[in-house]
Amino acid sequence: MVELEYYLILSGILFSIGVLGVLVRRNAIVVFMCVEIMLNAVNISLIAFDRYNNQHDGQIFSFMVMCVAAAEVSVGLAIVISMYRNKPTINLDEFNLMKW
Amino acid sequence: MDMIPAPEIDLVSLAPVLVLSVFAMGVLILDLFIGKNKTILAYISIAGLVVSALCSFGHADLPVSSFNGAYVVDNFSIFFTFIFAISSSLAILLSINYNEQEGIKIGEYYALILFCTVGMILLCSSTDMIMIFLGIEIVSISLYILAGIRRTDQRSNEAALKYFLLGAFATGFLLYGMAMIYGATGTTKLAGISSTIVAGGVKSQAILLGGIVLLLIGFGFKVAAVPFHMWAPDVYQGAPTPITAFMAVGPKAAVLAAFYRVFADGFHGVAASWEMALMVVAVLSMFIGNLGAIMQTNIKRLLAYSSISHAGYLLIAIIARNSLGASSLLFYMLTYLFTTFGVFGIVIILGRKGNENLEMENYSGLGYKHPLLALSMAIFLLSLGGLPPFAGFVGKFYVFSAALQEGYVTLVVLAVLNSAISFYYYLKVIVYMYMTDQKVEFQPTLSPYALLVVAIAVLGTIQLGIFPGPVIALAQ
């Protein structure tokens, strides 16, 4: 039997990789992938908690997370595509029309 | 054979959401069968919002909790449903002419506003973290599309992309927080969380506190509170103006309602641990919002910073977490609705095709050319600043007295100081309108819809400022 802590540590590491990726990478698609890594890290901890609490709420929750992530992907990619049509790049540093 | 118990399905509680969803899908389908002129869709959408708001009176004795304690209909949620219905209707009215002028001939536009409103109603009525998450996502995903709906405009694209990436990033934090709180308390229901915390049944205090911090970050992003506000000015500037007005009011109110339910109802047992953090966020929002607004020359960015500072004032109502706090949150949101839509209405009226006239200098001399427009703009700005006898003053007064009742004197002093700072930039616009010579030719697009919105907003601002009594009684 694997202890709960191991799952939580794995999910924490994955989440941190995701956060770091969002902050460091400049390619819109890669940033987007890192957000997905964050969401899946959350799924791991939800399922782990669920299993150790002997419940089902966490599993339902993680299904919802997957559905929402799928919806978000479709909208996100559509935004990237419509952006690419006006300006053929996906480097985030080049989107700087508005600055304070 | 064992029966599988099905949960009670309370359609009456869900009626506002269901009606609105049906209308939204109807709009989507009808869009295929009509020509280029989408005005009819706007009327249908407004009808849907009115019906949906009326449906919220389905239950006689409140509060009614349904779906196993995941959904609640109480005075708080009904008042918010009305705020959302009004704000979405005003946004649609503002859009009709704007869309024609900017060539946004997309029927989905109105359907997305309705879907977004569905999410907002879900958000203010849910008492379960799963529902709150879904509500926030319905609102956010609709808004990502609406912000970028001018597909050929680079600013609109940029706004959508920034909003999307930062919004999804924030969702990650929010979810991780929810997962941790679920792990620590063993339930996703706010009532269960609250009773577990009070009874001392929390499995790990560290995980609970970590979850609360992550939730604070997630909610902070969604209401654009400092230090999670970076997206707001860019998105507000790049999005179509009616959508900017919509974003500044409806979704912000909805997320604040959920914020209130989660923190004031769910986590009141560990209030000592998050109170200080929330206070810092509130004070920073007020200061950075107001100081940032002083430096702006673009009117939409100025209003974005001003909305950041208003989020700061509203957080004070959450910190107070007494009954006056809840009703002051409702009342403040209503006053903010009217003044914000008024200001954006004037901004839209003064813009024309190809030139939206968004620089503050372009308002020079407006007071002599179009005295009525300038006068209403001045009323809205003074109300946003909080000058009596306008609505903004009464809203601030109630929020501050809720905080004083609980003894947060320093917080209120800082908030009042900030109101004073905010007058600097609100008055700056008024000075441009009345005390400088005209620089550009005004060609306002005086559409009846936008003028109607401004008229409603003026009435609301003055009415709530002079006779706030009946509405406050409702809010309580």
Side-chain angles (χ1 to χ4, degrees), chain A residues 4 8 11-12 15 18-19 22-23 28 31-32 34-50 52-55 57-58 60-65 67-69 71-87 90 92 94-100, chain B residues 128-131 133-134 136-138 140-142 144-145 147-148 151-169 171-180 182-189 203 207 214 230 233-238 292 295-296 298 301 304-305:
Chain A
L4 175 62
L8 295 186
S11 124
F15 192 81
V19 172
V22 173
L23 298 177
V31 168
F32 194 23
C34 292
V35 170
E36 294 298 313
I37 293 178
M38 287 165 66
L39 294 185
N40 283 311
V42 174
N43 278 344
I44 291 179
S45 59
L46 274 174
I47 303 281
F49 280 131
D50 176 286
Y52 281 80
N53 287 344
N54 263 327
Q55 286 172 332
D57 302 22
I60 306 288
F61 204 156
S62 67
F63 271 126
M64 298 294 176
V65 175
C67 294
V68 167
E72 229 167 31
V73 169
S74 60
V75 169
L77 288 180
I79 290 173
V80 173
I81 288 172
S82 75
M83 206 180 67
Y84 189 83
R85 283 192 182 139
N86 288 331
K87 190 175 181 178
I90 49 169
L92 290 178
E94 291 183 34
F95 292 93
N96 49 11
L97 283 173
M98 294 175 289
K99 273 238 178 83
W100 57 307
Chain B
D128 183 312
M129 284 196 300
I130 302 179
M131 290 279 296
F133 164 67
L134 284 178
I136 286 188
E137 284 308 298
I138 296 174
S140 304
I141 292 180
S142 318
Y144 301 149
I145 310 173
R151 275 183 302 174
T152 49
D153 181 80
Q154 285 200 14
R155 280 174 205 276
S156 188
N157 285 332
E158 191 179 319
L161 184 76
K162 282 180 176 167
Y163 195 19
F164 170 74
L165 287 179
L166 287 172
F169 188 50
T171 301
F173 283 99
L174 191 80
L175 264 179
Y176 204 35
M178 287 180 172
M180 284 189 170
Y182 169 65
T185 60
T187 172
T188 55
K189 305 245 174 1
K203 295 202 179 65
I207 291 184
L214 288 168
M230 320 67 103
D234 289 354
V235 174
Y236 280 36
Q237 188 189 351
M295 318 219 260
Q296 302 306 321
N298 180 302
R301 289 184 82 82
Y305 276 100

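Just so it is clear, the structure is predicted and the values come from calculations on it, not from any experiment. Computed over heavy atoms, backbone and side chain alike; hydrogens, waters and symmetry mates excluded. Naming: A, B, ... by sequence-line order, numbering from 1 per chain.
Counting all heavy atoms, side chain and backbone alike, B/I141 lies closest to A/E72 at CD1-N, 4.1 Å. What you find for B/G183 and A/N53 is that their closest heavy atoms are O-ND2, 4.1 Å. Minimum heavy-atom separation, B/Y176 to A/S11: OH-OG, 3.1 Å.
A donor-acceptor pair is defined here as one N or O able to donate and one able to accept, closer than 3.5 Å; no such pair exists between the side chain of A/Q55 and the backbone of B/T187.
Your options are B/R151, B/Q154, B/M178, and the one with the most heavy-atom pairs under 4.5 Å with chain A is B/Q154. Your options are A/V80, A/V65, A/V31, and the one with the most heavy-atom pairs under 4.5 Å with chain B is A/V65. When the candidates A/V22, A/L39, A/N43 are compared by the number of heavy-atom contacts under 4.5 Å with chain B, A/V22 comes out ahead.
The aromatic rings of B/F133 and A/F61 sit tilted relative to each other, their planes meeting at an angle between 30° and 60°.
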Verify side-chain contact (heavy atoms from CB on, under 4.5 Å) between B/I207 and A/F49, making sure each step is shown before the conclusion. CA-CA 11 Å; B/I207 291 184; A/F49 280 131; 4.2 Å; yes
Using ring-ring contact (aromatic ring centres under 6.0 Å, His included), reason through B/F169 and A/F32 one step at a time and then give a plain yes or no. CA-CA 9 Å; B/F169 188 50; A/F32 194 23; over 10 Å; no
Show your working on side chain to side chain donor-acceptor pair (under 3.5 Å) between A/S45 and B/Y182 and close with a plain yes or no. CA-CA 10 Å; A/S45 59; B/Y182 169 65; over 6 Å; no
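Looking at A/I37, there are no atoms closer than 4.5 Å to chain B (heavy atoms on both sides), in backbone or side chain.
Separating the CG atom in B/L175 from the OG atom in A/S62 is a distance of 10.5 Å, to the nearest 0.5 Å. The structure places CD of B/E158 at 12.5 Å from CD1 of A/I79, a figure rounded to the nearest 0.5 Å. Of the inter-residue distances, the one linking B/K203 atom NZ with A/L4 atom CG reads 10.0 Å to the nearest 0.5 angstrom. B/L165 CG to A/C34 SG: the interatomic distance, rounded to the nearest 0.5 Å, is 10.5 Å. Separating the CZ atom in A/R85 from the CG atom in B/N157 is a distance of 10.5 Å, to the nearest 0.5 Å.
Within the 4.5 Å cutoff, the side chain of B/L161 has heavy atoms near those of the A/L92 side chain.
For B/N298, the side chain to side chain donor-acceptor pair (under 3.5 Å) criterion is met by no residue, not counting sequence neighbours.
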